[in-house]
**Student:** 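Below you will find the structure I want to go over with you.
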Amino acid sequence: MTDWWHDAVCYQIYPRSFADTDGDGTGDLPGITAHLGHLAWLGIDAVWISPTFPSPNADWGYDVADYLGVHPDLGTADDLDALVAEATRRDILVLLDLVPNHTSIEHPWFVDARSSREAEHRDWYVWADPAPDGGPPNNWTSSFTGPAWTLDPTPATGEPAQMFLHNFLPSQPDLNWWNEDVRGAFDEILRYWFDRGVAGFRIDVAHMIVKDRDLRDNPPATEDDFLLDRLRGQVPVYNSNRPEVHDVHRRWRAIADTYDPARLLVGETFVGDVEAVIPFYGRGDELGLAFNIPFVQTRFAADELSAVVAETESLLPAGCSPVWTGSNHDVSRLATRWAEGSPDATRVALVMLLTLRGAAFLYYGDELGLPDTDVSLDRLLDPVSIAMHSILNRDAARTPMPWSPGPGAGFTEPGVEPWLPFGDVGACNVADQRGDPDSTLHLTRDLIALRREVADLRDGAYEELAVSRALWAWRRGESVVVALNFGDAPTTLDGVAGTVRICTNRGRDGERVGETLVLGPREGVVLVSHRPSG
Ligand code: TEU
């Protein structure tokens, strides 16, 4: 039997920014529950909710202080149960966001760990003596730049101070995944949520959790390396993507597979090339899906995107599905980053995401073609963006969902200042787009509905038909051809026939194509042949 996620359309919710029901300017879990109707109407199979756990919010929830709780800003455990129950009633699965690489500095495990070298949880984290000169024990840098080690003040016991490892902020100490008790604790965390009806987890930095046991130095980056590695000046050979991480993924998958339906583990496998993404699927016995970050980071050009897809398709083991996404809470939104503000290009991107083989993840607002919001330096709340504001603005993609035009945007009560500023809610909102059959929202919904209707869009093999700088066309199974024109000039594709079921220019829906498909500038077409496969 095929697992449910192979062709699923999932939807990432950044919970602080989805809908605020208690008028404090911050989104909450009842807000998500209240808007499940929107997601059911869209045809979404599952939601991934960015961290919901108690957290001091040094990294807005990605610094967890209690893996079994609910952040009071977002609601209560009962609110989460109610959300899962209502989602289940609407056939929507709920994925939470697990952060196993590190905890908050305020997690009771770390509070205990730093209290003494003899503390029960000391070895749950990665500690090392400083180098003889007092500096860090090795050259590892944090993913957020700067050394990955912080000296912890001498414990009250008077023992000499040691340094703890943090691959992210100093307030996010890395767990020690060589410790069997850490592994056991996370087994229990998985089971706890799976037993409560949670359908799976997005796993934060899934590739990074196990570190080199000997803490060896990383080699320097060269010109050929991944951009982030060049910025950090080193390739994270020893603090990331170690071979032993796969043991942990297999262990989690074994737990996930004991549930019915099987629980999904979708990894944030933040690696620089496609070849490195594939091993996270194992032989179908590791992560159910592994995010394809190279695809997200590829420029919006037919030849470049198609190359990533072709490589992914050629390397993935049989029975495994790719997963495609264009936006998330760490990058600029696809409407801005890929489409550079062009609504037509945004629509082409949505056709691409929703018609490639595999699972698709939309980020809240993608269904509207929502662009980034210009969040000025004085309004930034993400510490990483504040520190790196000349090159990074993660808050630009984390601003409130525009449900309607006017004060409050349907996100919060009129007059309430939202936690991050609104964008131009008059220009882009759910209510207006619901009323307009030509809108990007209706396009997204119709694409999802077509996936349900045409079996080849769910499980038909991907076969590249044509690629140039501007044109990318592929077949799905016997009956579907997708053709996207990324360019500014019209183009043609010969040798295809069928009915235009969906065109980004909706006026062409229903057009019959005999032999040659003509594509206008920045136009995408889903053509279904007259022998539909079901
Ligand atoms: O992201 C991991 C990660 O690699 C990114 O932080 C990336 O390096 C950064 O955004 C620069 O572009 C995950 C979460 O998605 C992110 O929100 C967290 O800040 C991070 O882990 C730490 O938990």
Side-chain angles (χ1 to χ4, degrees), residues 12-17 48-53 55-65 67 71 95-107 110 140-146 148 165-175 177 201-209 211 221 225-236 239-241 245 266-273 276-277 280 290-294 296-297 323 325-333 336-337 361 363-364 372 380-398 420:
Q12 181 190 354
I13 293 175
Y14 196 74
R16 303 181 76 81
S17 293
W48 146 32
I49 309 175
S50 280
T52 45
F53 306 105
S55 163
N57 284 338
D59 188 16
W60 298 103
Y62 287 95
D63 49 322
V64 175
Y67 290 95
H71 198 298
L95 310 172
L96 298 184
D97 198 326
L98 189 68
V99 188
N101 180 70
H102 45 266
T103 68
S104 160
I105 207 155
E106 293 185 16
H107 195 293
F110 190 73
W140 296 355
T141 55
S142 149
S143 297
F144 295 152
T145 71
L165 178 70
H166 50 85
N167 267 302
F168 294 91
L169 298 171
S171 49
Q172 294 171 302
D174 277 35
L175 285 160
W177 276 89
F201 283 104
R202 175 266 190 183
I203 298 176
D204 194 61
V205 289
H207 60 298
M208 208 173 204
I209 59 179
K211 317 297 172 330
D225 287 315
F226 185 34
L227 172 70
L228 282 174
D229 296 345
R230 280 184 275 133
L231 285 175
R232 290 188 285 254
Q234 61 181 241
V235 186
N239 59 336
S240 183
N241 202 5
V245 79
V266 48
E268 188 210 17
T269 42
F270 205 107
V271 288
D273 51 67
V277 175
F280 294 107
F291 276 124
N292 197 323
I293 303 293
V296 181
Q297 292 179 332
V323 47
T325 188
S327 307
N328 63 45
H329 64 291
D330 290 335
V331 293
S332 165
R333 289 174 173 277
T336 299
R337 195 185 75 263
F361 272 70
Y363 184 52
Y364 79 101
D372 286 352
L380 285 181
L381 293 176
D382 169 32
V384 182
S385 304
I386 293 170
M388 300 168 77
H389 65 269
S390 57
I391 53 164
L392 191 71
N393 186 339
R394 304 198 299 183
D395 284 338
R398 298 177 177 182
L420 281 174

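In listed order, ligands and their atoms are each counted from 1.
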**Student:** Which protein heavy atom lies closest to atom 13 (C) of ligand 1, and at what distance to 0.1 Å?
**Tutor:**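 Nearest protein contact, heavy atoms only, for atom 13 (C) of ligand 1 is D204 OD1, 2.8 Å.
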**Student:** Got the closest protein heavy atom to atom 3 (C) of ligand 1, with its distance?
**Tutor:**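 Here the nearest protein heavy atom works out to E268 OE2, 3.7 Å.
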**Student:** Please determine if R202 has a nitrogen or oxygen closer than 3.5 Å to a nitrogen or oxygen of ligand 1.
**Tutor:**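 Looking only at distances, the answer is yes, because the N/O contact criterion of under 3.5 Å is met.
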**Student:** What residue and atom, counting heavy atoms only, is the protein's closest point to atom 12 (O) of ligand 1, and at what distance?
**Tutor:**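 The closest heavy atom on the protein side is L392 CD1, 3.9 Å.
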**Student:** Do N239 side-chain atoms and W140 backbone N/O form a donor-acceptor pair below 3.5 Å?
**Tutor:**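 Side chain of N239 to backbone of W140, a donor-acceptor pair under 3.5 Å: no, none is there.
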**Student:** Please check if the side chain of R337 supplies one atom and the backbone of V296 the other of a donor-acceptor pair under 3.5 Å.
**Tutor:**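 Side chain of R337 to backbone of V296, a donor-acceptor pair under 3.5 Å: yes, one is there.
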**Student:** Which of the atoms of ligand 1 are close to R398, meaning less than 4.0 Å from one of its heavy atoms?
**Tutor:**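 Those qualifying, in numeric order: 17 (O).
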**Student:** What protein heavy atom lies closest to atom 4 (O) of ligand 1? Include the residue and the distance to one decimal.
**Tutor:**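 Residue, atom and distance for the closest contact: F270 CD1, 3.5 Å.
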**Student:** Numbering the atoms of ligand 1 from 1, which are under 4.0 Å from a heavy atom of H102?
**Tutor:**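 This gives 22 (C), 23 (O) as the contact atoms.
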**Student:** Mark yes or no for whether Q12, through its side chain, and F361, through its backbone, hold a donor-acceptor pair below 3.5 Å.
**Tutor:**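 No, the answer is negative, given that no donor and acceptor are paired below the 3.5 Å cut-off.
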**Student:** Which is it for Q297 and ligand 1 at heavy atoms under 4.0 Å: side chain, backbone, both or neither?
**Tutor:**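 Neither; nothing of Q297 gets under 4.0 Å from ligand 1.
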**Student:** Say whether N101 and N167, considering side chains only, have a donor N or O and an acceptor N or O under 3.5 Å apart.
**Tutor:**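 Absent: no donor and acceptor within the cut-off.
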**Student:** For S55 and Y62, test the side chains for any donor-to-acceptor distance below 3.5 angstrom and give the result as yes or no.
**Tutor:**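 Result is no, nothing qualifies.
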**Student:** With a 4.0 Å cut-off on heavy atoms, is F144 in contact with ligand 1?
**Tutor:**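 Per 4.0 Å heavy-atom rule, F144 contacts ligand 1.
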**Student:** Going by side-chain contact (heavy atoms from CB on, under 4.5 Å), D97 matches just one of W48, Y14, F201, F53. Which one?
**Tutor:**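 The option that passes is W48.
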**Student:** Hey, which atoms in ligand 1 end up nearer than 4.0 Å to a heavy atom of V205?
**Tutor:**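 Ligand 1 atoms under the 4.0 Å threshold to V205: 2 (C).
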**Student:** Under 6.0 Å from the six-membered ring centre of Y364 and within 45° of its axis: does the NZ or CZ of R398 meet both?
**Tutor:**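 No - R398 does not lie over the ring of Y364 by the 6.0 Å and 45° rule.
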**Student:** S143 versus ligand 1: do any nitrogen or oxygen atoms come within less than 3.5 Å of each other?
**Tutor:**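 No, since none of the N or O atoms of S143 sits under 3.5 Å from an N or O of ligand 1.
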**Student:** Could you check whether R394 pairs with D59 (Lys NZ or Arg NE/NH1/NH2 to Asp/Glu carboxylate O, under 4.0 Å)?
**Tutor:**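 D59 and R394: salt-bridged.
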**Student:** Check V271 against H207 and note the closest heavy-atom contact, atom names and distance.
**Tutor:**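 Residues V271 and H207, closest heavy atoms: CG1-CD2, 4.2 Å.
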**Student:** How close does the nearest protein non-hydrogen atom get to atom 17 (O) of ligand 1, and which residue and atom is it?
**Tutor:**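 Looking at atom 17 (O) of ligand 1, the protein heavy atom closest to it is D330 OD1, 2.7 Å.
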**Student:** Pull out every atom of ligand 1 sitting under 4.0 Å from any heavy atom of R394, numbered as shown with elements.
**Tutor:**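 Checking each atom against R394, I get 6 (O), 9 (C), 10 (O), 16 (C), 17 (O), 18 (C), 19 (O).
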**Student:** Can you name the atoms of ligand 1, numbered from 1 with element, that are less than 4.0 Å from a heavy atom of D59?
**Tutor:**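 Answer, ordered by atom number: 18 (C), 19 (O), 20 (C), 22 (C), 23 (O).
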